[in-house]
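First the proteins, then the strands, lettered A, B, ... as listed; each starts at 1. Below, all heavy atoms of this structure are taken into account, side chains as well, without hydrogens, waters or symmetry copies. Just so it is clear, the model here is predicted, and its values are computed rather than measured.
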Amino acid sequence: MLISPPVVRIGCWNVNALRVRLPLVECWLKTEHIDIALLQETKVMDKDFPENALKNTGYYSAFWGQKSYNGVAILSRWPLSDVVHLDLNDTGAARCIQATTQGFRVCCVYIPQGQEFDRPAFREKLSFLNGLFHHIAPYVQDYTPTIIGGDFNIALNDEDVWDGDLWRNRVMCSIPERKRLRKILWNGWTMAQWRIKHQKNPATWWAYQHGAWRKQHGLCIDSFLLSPRASDLLSRFWVSQHWRGEQHTSDHAPIGMELYTRNTTSPTF
DNA sequence: ATGACGCCTATTAGGCGA
């Protein structure tokens, strides 16, 4: 029986294929003392998900995968309940899974990258963002602290990109997608990055090509969005960029945050 | 440079991601 700690540590990582990354992911979970993890791009079907290996490492898991692409999972030291698979843009892609654990509602999202403006994939990206807005809107005023974490594939501002001028109006930085993410934020969600409020937010993704990591050509596209109640509990936020420098690593770095588990004064919900 | 890197699927070449 685990004793409730005063804080809970939540991690989030686009792992780019869980099976090849499992040793690195387990190393990350252990060294960063992660209690709850949100994983994207697991690229593994449910029948092949390494549930037993993770159980032996100390985590329950909820997962929704498919062959070759996409795939999301939530790991927790505590049992997961109310697990739902959400097809937010009616494409059938395994891109959103939600569960409740240790009193937190956790929603793990892998937003489509969008490819090019004239492709269906870009319309599906905007449609996913519209669907996400509506799905999470009721949670803003809910007393259960809610966390939306994942790979948003959107750099919200030019300051979130290594070269804002070069990236302006390209996919991941364009006005339509930024508007949709900002609309979600304006509805009451807090980006965990705001807790550390740098001039430039720390990057979370560097392309495998072009020596992007070596040149520090990165973008901030991974985040946690916190409901007001969760935002009230936010203690720390960090980007663990060094994992991007490992051999055989993902093109994303993991992010993490610490939330207090104490009660806060209840407003009149 | 219709490239590059790395993973996937399926068999050594093509699709996709970002």
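- Rounding to whole angstrom units, CH2 of residue A/Trp213 and P of B/dA18 are separated by 18 Å.
- Taking the P atom of each, B/dG14 and B/dA18 are spaced 22 Å apart, rounded to whole Å.
- A donor-acceptor pair under 3.5 Å is formed between the side chain of A/Gln193 and the backbone N or O of A/Asp222.
- In this structure, A/Phe49 and A/Phe63 have parallel ring planes: the angle between them is below the 30° cut-off, well short of the 60° mark.
- A cation-pi arrangement, defined by a distance under 6.0 Å to the six-membered ring centre and an angle within 45 degrees of its axis, is present between A/Lys55 and A/Tyr60.
- Across B/dT2 and B/dC7, the matching P atoms stand 26 Å from one another, rounded to whole Å.
- Using atom P as the reference point in both B/dG15 and B/dA10, the two lie 14 Å apart (nearest Å).
- Counting to the nearest Å, the C1' atom of B/dC16 and the CG atom of A/Asn153 are 13 Å from each other.
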Where do N or O atoms of nucleotides 3-8 of chain B meet protein N or O atoms at under 3.5 Å, pair by pair?
unit_1	atom_1	unit_2	atom_2	d
B/dC5	O4'	A/Tyr208	O	3.3
B/dC7	OP1	A/Arg21	NH1	3.2

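- Ring geometry for A/Trp13 versus A/Trp243: interplanar angle of 30 to 60°, hence tilted.
- The nearest whole Å value for the distance from the CZ atom in A/Phe122 to the C1' atom in B/dG17 is 16 Å.
- A/Asp151 comes within 4.0 angstrom of sugar-phosphate atoms only, judged by non-hydrogen atoms across all strands, and of no base.
- The CG-P distance, from A/Asp160 to B/dA18, rounds to 17 Å in whole Å.
- Ring orientation note: the planes of A/Trp162 and A/His217 are close to parallel, at an angle under 30° on the 30°/60° scale.
- Atom CG in A/Leu166 sits roughly 19 Å away from atom P in B/dA18 (whole-Å rounding).
- Rounded to whole angstrom, the span from the CD atom of A/Gln66 across to the C1' atom of B/dT9 amounts to 14 Å.
- Across the P atoms, B/dA4 and B/dA13 are found 14 Å apart, a figure rounded to whole Å.
- Dashed line: the shortest gap from a side-chain N or O of A/Asn14 to OP1 or OP2 of B/dA18 is under 4.0 Å.
- Remark: A/Lys200 does not engage A/Glu159 in a salt bridge, criterion side-chain N to carboxylate O under 4.0 Å.
- B/dA1 sits 26 Å from B/dC16 when the P atoms are compared, rounded to a whole Å.
- The side-chain contact (heavy atoms from CB on, under 4.5 Å) check on A/Asp165 picks up A/Asp163, A/Arg168, with sequence neighbours excluded.
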